Amino acid sequence: NISDLITAMEQDLSGVRYAVGNQGYIYRINTSNVVSEIGKLSSSGSAGLYYNQTTDQLYIPGQQTVSMYGQCTSSISSP
């Protein structure tokens, strides 16, 4: 479930999308379009979302800080 309004979205090399919402929630949307909440920023909203292919990390700029999430593709575990 999505708890807020999506304001930015990026896609990693495996096709998984990541999104951030106006209330600071971070979402993972897998290749089957299943949405999972994976985190929450300490402040509401962000100034976008950037996926760095070299480091395999998401960068989420806020008003005063830049948050990071990753490794994106290596954090995908299979049962």
Side-chain angles (χ1 to χ4, degrees):
N1 288 335
I2 296 177
S3 302
D4 50 359
L5 176 67
I6 298 296
T7 58
M9 188 178 292
E10 281 282 340
Q11 182 171 311
D12 70 18
L13 297 174
S14 66
V16 174
R17 289 165 287 157
Y18 294 88
V20 64
N22 65 335
Q23 294 179 21
Y25 289 95
I26 304 167
Y27 303 96
R28 180 179 182 272
I29 306 161
N30 71 16
T31 55
S32 299
N33 291 320
V34 175
V35 179
S36 303
E37 184 182 303
I38 58 172
K40 185 168 186 336
L41 300 172
S42 58
S43 60
S44 294
S46 74
L49 184 63
Y50 172 72
Y51 173 70
N52 185 313
Q53 178 177 324
T54 304
T55 61
D56 192 31
Q57 292 183 318
L58 289 172
Y59 294 87
I60 310 160
Q63 294 292 328
Q64 298 179 351
T65 61
V66 175
S67 300
M68 294 187 324
Y69 178 85
Q71 276 22 72
C72 293
T73 56
S74 62
S75 67
I76 301 170
S77 59
S78 55

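All values derive from a computational prediction rather than experimental measurement. The figures that follow rest on heavy atoms only: side chains count, while hydrogens, waters and symmetry mates do not.
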(request) Would you sort out whether Gln53 and Leu13 count as a side-chain contact (heavy atoms from CB on, under 4.5 Å), showing the intermediate values? (result) CA-CA 7 Å; Gln53 178 177 324; Leu13 297 174; 3.7 Å; yes
(message) Quick check for you: to the nearest 0.5 Å, what is the distance between Arg28 atom CZ and Tyr69 atom OH?
(response)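 Arg28 atom CZ to Tyr69 atom OH measures 7.5 Å (nearest 0.5 Å).
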(request) Quick one: pull up CD1 in Ile6 and CG in Asp4 and give me the separation to the nearest 0.5 Å. (result)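 Here the rounded value is 6.0 Å.
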(request) Please report the closest heavy-atom contact between Ile29 and Ala19, naming both atoms and the distance. (result)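 Nearest heavy atoms, Ile29 then Ala19: CD1-CB, 4.4 Å.
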(request) Begin from the C-alpha positions of Leu49 and Leu58 and carry the test side-chain contact (heavy atoms from CB on, under 4.5 Å) through to its verdict. (result) CA-CA 7 Å; Leu49 184 63; Leu58 289 172; 4.2 Å; yes
(message) Counting C-beta onward and ignoring hydrogens, is there a side-chain heavy-atom pair between Val66 and Ile60 closer than 4.5 Å?
(response)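 When only atoms from C-beta onward are counted, Ile60 and Val66 do not touch, as no gap falls below 4.5 Å.
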(request) Report yes if some heavy atom in the side chain of Asp12 is under 4.5 Å from a heavy atom in the side chain of Tyr18; otherwise report no. (result)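 Side-chain contact under 4.5 Å: yes.
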(request) For Tyr59 and Gln57, test the side chains for any donor-to-acceptor distance below 3.5 angstrom and give the result as yes or no. (result)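 On atom types as modelled, these side chains qualify, holding a pair under 3.5 Å.
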(request) Consider only side-chain N and O atoms of Asn33 and Arg17, and report whether a donor and an acceptor are under 3.5 Å apart. (result)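 Yes, because at least one side-chain N or O of Asn33 sits under 3.5 Å from a partner of the opposite role on Arg17.
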(request) Starting from the C-alpha separation in whole Å, work towards a yes-or-no answer on side-chain contact (heavy atoms from CB on, under 4.5 Å) for Ile26 and Leu41. (result) CA-CA 7 Å; Ile26 304 167; Leu41 300 172; 3.8 Å; yes
(message) For Val20, is there any backbone N or O sitting under 3.5 Å from a side-chain donor or acceptor partner on Thr7?
(response)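 Answer holds: yes.
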(request) Any chance you could lay out the side-chain contact (heavy atoms from CB on, under 4.5 Å) test for Ile38 and Tyr27, step after step, and finish with the verdict? (result) CA-CA 5 Å; Ile38 58 172; Tyr27 303 96; 5.9 Å; no
